[in-house]
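Have a look at the structure below, then the notes.
Every chain is numbered from 1, with letters handed out A, B, ... down the list of sequences. Here the structure is a predicted model, which means the values were calculated and not measured.
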Protein chains: 2
Amino acid sequence: MNAPVVETSGERTAEHSGGADASNSTEKRPERAAEHQVANERVRDALRAAHLYYMQDLTMEAIAAELHTSRSSVSRLISYAREAGLVEIQVKTPAERISTALQRVQDKHHVTVHVVPVPDSANEVDRLERVAMSAARILGQFFDSNMTMGIAWGSTMSAVSRHLQPKVTHNSQIVQLNGAANTRTTGIVYASEIMSRFGLAYGAYVQQFPVPAFFDDPATKQVLWRERSIRRVLDIQKHMDVALFGLGTPNSEVPGHVYSSGYLDENDFASLAASNVVGDVATVFYRADGSSADVPINSRASGPPLDQLARVSRRVCVVSGKSRMPALRGALAAHLITDLIVDEATVHGLLDE
Amino acid sequence: MNAPVVETSGERTAEHSGGADASNSTEKRPERAAEHQVANERVRDALRAAHLYYMQDLTMEAIAAELHTSRSSVSRLISYAREAGLVEIQVKTPAERISTALQRVQDKHHVTVHVVPVPDSANEVDRLERVAMSAARILGQFFDSNMTMGIAWGSTMSAVSRHLQPKVTHNSQIVQLNGAANTRTTGIVYASEIMSRFGLAYGAYVQQFPVPAFFDDPATKQVLWRERSIRRVLDIQKHMDVALFGLGTPNSEVPGHVYSSGYLDENDFASLAASNVVGDVATVFYRADGSSADVPINSRASGPPLDQLARVSRRVCVVSGKSRMPALRGALAAHLITDLIVDEATVHGLLDE
DNA sequence: ACACAGTCTGCACGTATGTGCAAGTAGCTT
DNA sequence: AAGCTACTTGCACATACGTGCAGACTGTGT
């Protein structure tokens, strides 16, 4: 009932041991019940151990004595508690520690900036990895029971998905914002993997969106968008509470997934250049001033129009690397972002205006 | 500007090193500024270290390299970050883990119960200490900027105050709910110490309440209550956002402070017995059914009437030890509590109804 | 009943973190 | 400028924690 479910065809990622699996769901078979009981006790003990450890500052040795077990088991219980999201750790930045320059940026764009410290020496890959890890942990604060989160999968989201902190939620769902298929693959495996990880971490239903990232013919999109199965997903997208996305940029050394995997051809790139495009969110392109109207490719894009996106109440953007700065400025201009998770160096670039 | 301030006469507790002190506040002397700068940098580094440690899972060794310092300094920075409340750790209990019996109690009394695990073998003193520690950490979630918290000091509150987790708040205040003076001492030192610790932990202003715990003559109270200086405090009490209190009980092996320190004489005890009193909150007594009308001593008590208390939006009660069970039942009957922090054994007793 | 696979446990060891101490540093006083 | 105090730093050691491994245990299939 609470296990994550992946709808629509698509491979299911192999899961880590211990996770409840929704498949084979003949319910209430006796072993299942016993298994459930055992898992329950484990959670019980983990919760108790975590409480004693984090709230009462006991050492694991002392906790072991109280639980009549070994210290190493306690260590494992507490690890489990953390992994299962029973323990939540936040680092809070007091308001007065925010530089006035950053404050000005925040006020101007109505955005909350979460700065991720990364040494200047780090390469782009490490940088992304670390921003993604921080983002994954911050995200838990934005998502809760009864909510819908839309995800614009891509290389940044893939990194985020690999570091998600589990959190128990009920009646929540994850919806894919843009299609994944291209001329070479159906893209479903890649996108599905990302989506599944989100679903698994939050115990949320996953709504996939089985369409190409870009249509060849806008008319096809128009037609398909009238299908009820597709409209159902579009409708969920329209009502999402949180949108999570990275930024694509045509000029990065580490180009977004969309720019490097056969989604676009030479004509397309020429067209983007002609329209002065600086970036995209979920396959929808925009210019430096934030405008996205009259960019030809957008009529073939599978992602939500930017003005629709801007109506979502929380819009979380994860950005790493200075090469995405133009894209970031454009996204801010378009008011696409309410919460920005970004590495230190990129923020500094942003402040020089 | 943000330093805690203790108003009204009363000794100031010696503070730990490093704490900003509000005394001698000739502002903007150059050393102060320099000192401030240094403290600022420390917070900056601590924040960064904490971020790298808790959000990015780096080892202290790695963080030391990034910060160009030694591993031991990083260890100290992270300790500092925790002590200063820059890091917040919560252990969350998923809803489905709450037993149905407890759920019933919660629903019946409109109360959220926070169960503190304590081994049955623990003695009353340890028990109190551990409940207090948990309470202190949970409390941070209830109190924030622009809020007023009322505190009914006593032995439980004293224990809580010793374990408070600092949290940065602005424009918040702590108000004392009942007087402290008795026939033997002014009680100010003891109460002031508790209050100060709260003020220090949250950076809140402290409003003391310099009256006796119990008046000899109700008329004196009536008169004093008309004084503007007193009415100012009473007014603050009336508008508090959070009330925090323990429970007194006449029949405990570890009696509440109020019962053991010369606040009451033999006649008083006889009177309490005659009225079938089972407990008190902030010097105001009540019976098993929660009623407090016509308990003679209440007209001489310095704490807020219970019906006034019950109008506060969040009312946090900390209880440890089965001996307080009758007092707890009474307090629940009187709807005095919205959040109950209590040890496991006592909860179990509560469930047997 | 037996063998097998999967899981859990405690031990022993290795790694990571906490802390007393001596030396160093900065600001203040004389 | 010297001397003082209060504080910070890194080292070396002490403690606490994480984890591979072998044995115990549980449930399953033959």
Side-chain angles (χ1 to χ4, degrees), chain A residues 14-21 24 26 28-46 48-84 87 89 91, chain B residues 14-21 23-24 26 28-84 86-87 89:
Chain A
E15 281 168 19
H16 290 259
S17 60
D21 197 332
N24 305 335
T26 316
K28 293 194 179 176
R29 279 197 299 167
E31 346 100 54
R32 288 275 158 187
E35 197 177 285
H36 190 257
Q37 189 53 40
V38 168
N40 233 20
E41 263 176 40
R42 184 175 178 74
V43 172
R44 216 182 106 85
D45 287 350
R48 173 178 278 257
H51 206 115
L52 294 171
Y53 189 71
Y54 290 110
M55 303 287 269
Q56 296 186 23
D57 289 343
L58 299 198
T59 103
M60 293 188 179
E61 192 83 49
I63 297 171
E66 286 199 17
L67 266 68
H68 306 294
T69 182
S70 70
R71 190 186 53 70
S72 37
S73 293
V74 173
S75 170
R76 285 188 264 253
L77 276 178
I78 290 174
S79 296
Y80 170 76
R82 272 202 306 256
E83 279 160 27
V87 177
I89 302 183
V91 178
Chain B
E15 283 169 14
H16 291 258
S17 58
D21 196 331
S23 56
N24 305 334
T26 315
K28 294 197 176 173
R29 281 199 296 167
E31 346 97 56
R32 289 273 159 187
E35 198 177 282
H36 190 257
Q37 188 54 40
V38 168
N40 233 20
E41 264 175 38
R42 185 176 179 72
V43 172
R44 216 182 106 85
D45 287 349
L47 221 38
R48 172 177 278 258
H51 206 113
L52 295 171
Y53 190 72
Y54 288 109
M55 304 286 270
Q56 296 184 23
D57 289 342
L58 300 198
T59 100
M60 293 188 179
E61 192 83 48
I63 298 171
E66 285 199 16
L67 265 62
H68 306 294
T69 181
S70 71
R71 190 187 53 71
S72 37
S73 292
V74 173
S75 171
R76 283 187 266 253
L77 276 178
I78 291 175
S79 297
Y80 170 76
R82 274 201 305 257
E83 279 161 27
L86 269 37
V87 177
I89 301 184

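Listed pair A/Arg82 / D/dG18 meets the phosphate criterion, a side-chain N or O lying under 4.0 Å from OP1 or OP2. Between A/Ser72 and C/dG10 there is no side-chain polar atom (N or O) within less than 4.0 angstrom of OP1 or OP2. For B/Ser75 and C/dT19, the shortest distance from a side-chain N or O to OP1 or OP2 is not below 4.0 Å. At the phosphate of C/dA16, neither OP1 nor OP2 sits under 4.0 Å from any side-chain N or O atom of B/Tyr53. In this structure, B/Ser73 reaches the D/dG10 phosphate: one of its side-chain N or O atoms is under 4.0 Å from OP1 or OP2.
For the pair B/Leu58 CG and C/dT17 P, the interatomic distance rounds to 10 Å; values are reported in whole Å. The distance between atom OH of A/Tyr80 and atom C1' of D/dG18, rounded to the nearest whole Å, is 19 Å. One can place CG of A/Leu77 at 15 Å from C1' of D/dT19, the figure rounded to the nearest angstrom. In this entry the distance linking CZ of A/Arg76 with P of D/dC21 reads 13 Å, nearest Å. The CG-C1' distance, from A/Asp45 to C/dC8, rounds to 13 Å in whole Å. If you measure from atom CD of A/Glu61 to atom P of D/dC17, you get 9 Å, rounded to the nearest angstrom. Atom C1' of nucleotide C/dG10 and atom CE of A/Met60 are separated by 16 Å, given to the nearest angstrom. Distance, B/Arg42 CZ to D/dA6 C1': 14 Å, rounded to whole Å.
Nucleic acid contact for B/Thr69: sugar-phosphate only, since backbone atoms but no base atoms lie under 4.0 Å from a heavy atom of the residue.
Taking each heavy atom of B/Ile78 and B/Met60 in turn, the nearest pair found is CD1-CE, 4.0 Å. Smallest separation of non-hydrogen atoms from A/Arg71 and A/Glu61: CD-OE1, 3.4 Å. Between A/Ala81 and A/Ala46, the shortest heavy-atom distance links the atoms CB-O, 4.0 Å. Between B/Leu67 and B/Ala49, the closest heavy-atom pair is CD2-CB, 4.4 Å.
Side chains of A/Tyr54 and A/Val87 form a contact here, defined as non-hydrogen atoms less than 4.5 Å apart.
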